[in-house]
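So the structure is just underneath, and the comments pick up after that.
Lettering follows sequence order; numbering is per chain, from 1. Just so you know, these numbers come straight off a predicted model, no measurement behind them.
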Amino acid sequence: MLADGEAAELPALVAGFERLRPRWVWSDTRRWAPQLLAAGVRVERCHDLRLCGAILEWSTDAEASRAEHPDRPLWLARGPAELAADATPGATPPSAGAAVPADRPALFELDELERHDDRDAAGGASDRFEGATPHQLAGEHDRQLAIVAGSARPARLRLLLAAESAGALIGAELSAAGVPWDAATHDRVLADALGPRPRPGAKPARMEELAARVRAELDAPTLNLDSQVDLLRGLRAAGIRVDSTARWELREHDHPAIAPLLAYKRLARLLSANGWSWLETWVVDGRFRPDYVPGGTATGRWATSGGGALQLPKQIRSAVIADPGWTLVVADAAQLEPRVLAAMAGDLRMAEAARGRDIYRGIVDAGVVAARDEAKVALLGAMYGATTGESGRLVPRLARGFPRAMALVDRAAAAGERGARVTTLLGRSSPLPPATWRATQARATEPEATAQDERRARSSARDWGRFTRNFVVQGTAAEWALCWMAGVRSRLAQLGDVGERADASPPATASGPVFARRPHLVYYLHDEIIVHTPAELADEVALAVRDSAAEAGRLLFGEFPVDFPLDLAIVPSYAEADG
DNA sequence: TGGGCCCGCGCC
DNA sequence: AAAGGGCGCGGGCCCA
């Protein structure tokens, strides 16, 4: 750990070096970026050793090269004192002309890799550093670069590592800036739906009324609607034949208790997930600051640990309101995953169907299916591995129309069923199935295997096949989104600060020292972003967002003729953008 | 009392 | 309209 005195000097030191536009190499962005941002220092680019190491650990593209670099990491602490020694005398930040090459990495001290990376249930990265001796940061960086250089597709991996690291910076910046949130509007939404805020321990009035009606209709005066067990028993006792209390199953039944029950469940969800206590916990000083976990899922999509930022219900998005004089630029990539599939499969016919705005309409126009809804269901089924129902019935039609795209996902599924890894376009590899999965497969091949053993094995093989089928598409879409967002980030940085003109928007001080006077990303949801910007820059921001989308397409797919249209809106409130 | 599981449901 | 993939989270509930 840094000594206190050194930690205090860190932001100024980093800010000084930043003028040389280095790529910072550090252990973990989550560990370093927040304190820098809090001190008003933004870093342009970095190499996140933890995230990049996790990618390279499993990359099948890098397999051969990894074998040539088997050394265990060995961390050597390098503190700010040594960092400063590279600079002009003392701890004075160097001027732009100082003799430090722009691409020379600056080194941060690291005593041990943090390891909340337990994505690999199959075992791997998390025990990799177990008991490792302290080790040189630069050595680990060199090791990672060597793996990339010796890999099958170094340019793609390099792009992936840069995008992943940019994502890590963005994650920290989103939390630092926060989503502008109007607590009064949120409270109004809650009160309209639930009734006034109840006393602690009491249920909102609307929920109590609905619960009473359900109990009356079921003739179960003491029924606890919040208990799944109790509720299931109550429904059955009233003659409603259900196997669960899930909404989609309840909807199938015609009974006077169902409507108030569904209404109750909807309100209960709102209250527990985004009610008044959520508001008090997560919205401070007019900003919602969730804790993002970039690269937190197997496919490379982000996760959150706290705040539930990736599940913001549409119901409360009206509380996302730009500061006075500011506005929101809300953009999402329309039908991202099918477009990604078409491009990565090199399926020209599917890309053609996707050109313009609506790929589902395009599939109908190509004569593959008769109706837009059928196209949608078939395409989702192809990407998710549907085998039954309408979706399963339509998938073969899709396969005839777009054999290349279908072959790509079918190959991925077949690999998964064998227990093999699959890889995204840029080189992120899927985890291996857990040991229990292998045991299930092995059992079915034994001489004394029963029919049930075989059924179980086939079923779990298909389960894993659906995962890998979806992995390649979802993971590559996540890569597109990372590149998009990284492009937006760097373009916004070039727009710079709004000046001190009398007619300029006032600073958004709650966004923190780095972002108070400049457009900045505030939200990211898989294929959607929100930029909070001074109103006078909104058009420039929109252009930056569109340019970045086009650039992301070229970065991943070169000149392959696929486009990634955006639904983009410049609005004061998130609720006014079409979801 | 706290950890871990299941359920249900919000988002993509 | 449902069913295929990925998640997080809160509540209930069981068990130590």
Side-chain angles (χ1 to χ4, degrees), chain A residues 119 203 224-233 242-252 261-262 264-275 277-278 281-282 290-317 332-338 340-341 371 373-374 376-395 398 409 412-413 416 422 424 428 430-431 459 462-478 480-481 523-529 574 579:
Chain A
R119 71 166 56 156
K203 277 214 177 95
N224 174 10
L225 277 75
D226 298 324
S227 164
Q228 195 264 353
V229 176
D230 210 15
L231 181 56
L232 190 59
R233 199 165 36 221
V242 285
D243 294 317
S244 75
T245 62
R247 191 179 51 202
W248 62 267
E249 189 172 357
L250 294 175
R251 254 191 322 233
E252 301 301 307
L261 174 56
L262 293 177
Y264 176 91
K265 286 163 85 72
R266 184 171 158 80
L267 295 185
R269 168 75 192 185
L270 175 64
L271 177 67
S272 73
N274 299 101
S277 61
W278 179 92
T281 306
W282 291 102
D291 185 14
Y292 288 97
V293 186
T297 77
T299 61
R301 274 188 176 183
W302 290 14
T304 52
S305 73
L310 305 184
Q311 301 106 246
L312 266 194
K314 292 200 159 67
Q315 221 175 344
I316 60 163
R317 292 184 180 183
D332 76 283
Q335 304 159 340
L336 176 59
E337 291 191 357
V340 162
L341 171 58
D373 272 4
E374 290 184 332
K376 183 173 183 174
V377 164
L379 203 39
L380 292 176
M383 293 188 298
Y384 294 157
T387 54
T388 60
E390 166 136 21
S391 184
R393 189 172 62 75
L394 287 166
V395 165
L398 203 70
V409 286
V422 295
T424 60
R428 190 189 305 267
S430 65
S459 164
R462 278 196 300 267
D463 286 349
W464 199 258
R466 279 195 300 277
F467 166 60
T468 52
R469 171 190 293 273
N470 184 248
F471 181 96
V472 293
V473 179
Q474 187 185 118
T476 304
W480 182 92
Y523 189 61
Y524 168 50
L525 181 56
H526 307 317
D527 59 3
E528 177 169 4
I529 59 173
Y574 191 14

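- When the C1' atom of B:dC11 is taken as reference, atom CG of A:Asn274 falls 11 Å away, rounded to whole Å.
- Taking syn as a glycosidic angle within 90° of 0, C:dG6 does not qualify and is anti.
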For this session: Begin from the C-alpha positions of A:Ile316 and A:Tyr574 and carry the test side-chain contact (heavy atoms from CB on, under 4.5 Å) through to its verdict.
Result: CA-CA 9 Å; A:Ile316 60 163; A:Tyr574 191 14; over 6 Å; no

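- Counting only heavy atoms from C-beta on, A:Ser272 has its side chain closest to C:dG10 among C:dA2, B:dG10, C:dG10.
- The nearest whole Å value for the distance from the CG atom in A:Leu262 to the C1' atom in B:dG8 is 12 Å.
- Judged by distance alone, with hydrogens and angles left aside, A:Arg301 brings a side-chain donor or acceptor within reach of the base of B:dC12, the pair sitting under 3.5 Å.
- Distance, A:Leu525 CG to C:dC7 P: 15 Å, rounded to whole Å.
- How far OH of A:Tyr524 is from OG1 of A:Thr304: 12.5 Å, rounded to the nearest 0.5 Å.
- Under 4.0 angstrom from either OP1 or OP2 of B:dC9 there lies at least one side-chain N or O belonging to A:Lys265.
- Distances shown here put a side-chain N or O of A:Arg251 below 4.0 Å from the OP1 or OP2 atom of C:dA2.
- With sequence neighbours left out, the ring pair (Phe, Tyr, Trp, His ring centres under 6.0 Å) criterion links A:Phe467 to A:Trp464, A:Phe471.
- Taking every side-chain heavy atom of A:Glu390 into account, C:dA1 is the closest of C:dA1, B:dC11, B:dC9.
- Residue A:Gly307 is classed as a sugar-phosphate contact, given heavy-atom separations below 4.0 Å to backbone atoms only.
- We find that CG of A:Leu380 is positioned 13 Å from C1' of C:dG6, with the value rounded to whole Å.
- Atom-to-atom, CH2 of A:Trp480 to P of B:dC12 comes out at 16 Å; the value is rounded to the nearest Å.
- Remark: side-chain polar atoms of A:Glu249 are paired, donor with acceptor, to backbone N or O of A:Asp243 under 3.5 angstrom.
- For the pair A:Tyr384 and C:dG5, the ring geometry qualifies as stacking, because the centroid separation is below 5.5 Å while the planes lie within an angle under 30°.
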Under 3.5 Å between N/O atoms: give me all the protein pairs with nucleotides 13-16 of chain C, atom names plus distance.
residue : atom : partner  : partner atom : Å
C:dC13  : OP1  : A:Ser227 : OG           : 2.3

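- Proximity of A:Thr297 to the phosphate of C:dG6: no side-chain N or O atom is located under 4.0 Å from OP1 or OP2.
- In terms of position on DNA chain C, the residue among A:Glu337 and A:Glu249 whose nearest nucleotide sits closer to the 5' end is A:Glu249.
- Closest of all the heavy-atom pairs between A:Leu262 and A:Arg251 is CD1-CG, 3.9 Å.
- With B:dG10, C:dA2, B:dC12 as the candidates, the nucleotide lying closest to the side chain of A:Val377 is C:dA2.
- Of the candidate nucleotides B:dC9, B:dC12, B:dG10, B:dC9 has the atom lying nearest to any side-chain atom of A:Ala246.
- Looking at A:Leu231 and A:Leu261, their side chains come closer than 4.5 Å, going by heavy atoms from C-beta outward.
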For this session: Apply side-chain contact (heavy atoms from CB on, under 4.5 Å) to A:Tyr292 and A:Leu310, showing your working.
Result: CA-CA 9 Å; A:Tyr292 288 97; A:Leu310 305 184; 4.2 Å; yes

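- Residue A:Trp248 contributes atom CH2, which lies 13 Å from atom C1' of B:dC9 at whole-angstrom precision.
- For the OP1/OP2 pair of C:dA3 and a distance below 4.0 Å, the side-chain nitrogens and oxygens of A:Lys376 include no atom meeting the criterion.
- For the OP1/OP2 pair of C:dG5 and a distance below 4.0 Å, the side-chain nitrogens and oxygens of A:Arg466 include at least one atom meeting the criterion.
- For the pair A:Ser305 and A:Glu252, both in contact range of DNA chain C, the more 5′-proximal nearest nucleotide belongs to A:Glu252.
- Straight-line distance from the CE atom of A:Met383 to the C1' atom of C:dA3: 13 Å, rounded to whole Å.
- The listed nucleotides are B:dC7, C:dG8, B:dC12; the one nearest the side chain of A:Asp527 is B:dC12.
- Partners of A:Lys376 according to the salt bridge (charged side-chain N to carboxylate O under 4.0 Å, His left out) rule, which considers only residues two or more places apart in sequence or in another chain, do not exist here.
- Counting only heavy atoms from C-beta outward, the side chains of A:Leu270 and A:Arg266 never approach each other to under 4.5 Å.
- Closest to the A:Gln474 side chain, of the nucleotides C:dC9, B:dC7, C:dG6, is C:dG6.
- For A:Gln311, counting side-chain heavy atoms from C-beta on, the closest listed nucleotide (C:dA3, B:dG10, B:dC12) is B:dG10.
- Not a single salt bridge (charged side-chain N to carboxylate O under 4.0 Å, His left out) links A:Asp373 to another residue, sequence neighbours left out.
- As rounded to whole Å, 13 Å separates atom C1' of B:dG8 from atom CG of A:Leu232.
- A stem is defined here as three or more consecutive Watson-Crick or G-U pairs, each with both distances under 3.5 Å; for DNA chain C these stems are B:1-12 with C:5-16.
- The base of B:dC9 lies outside donor-acceptor range of the side chain of A:Arg247, with no N or O pair under 3.5 Å.
- Among residues two or more places apart in sequence or in another chain, the salt bridge (charged side-chain N to carboxylate O under 4.0 Å, His left out) test is passed with A:Glu390 by A:Arg393.
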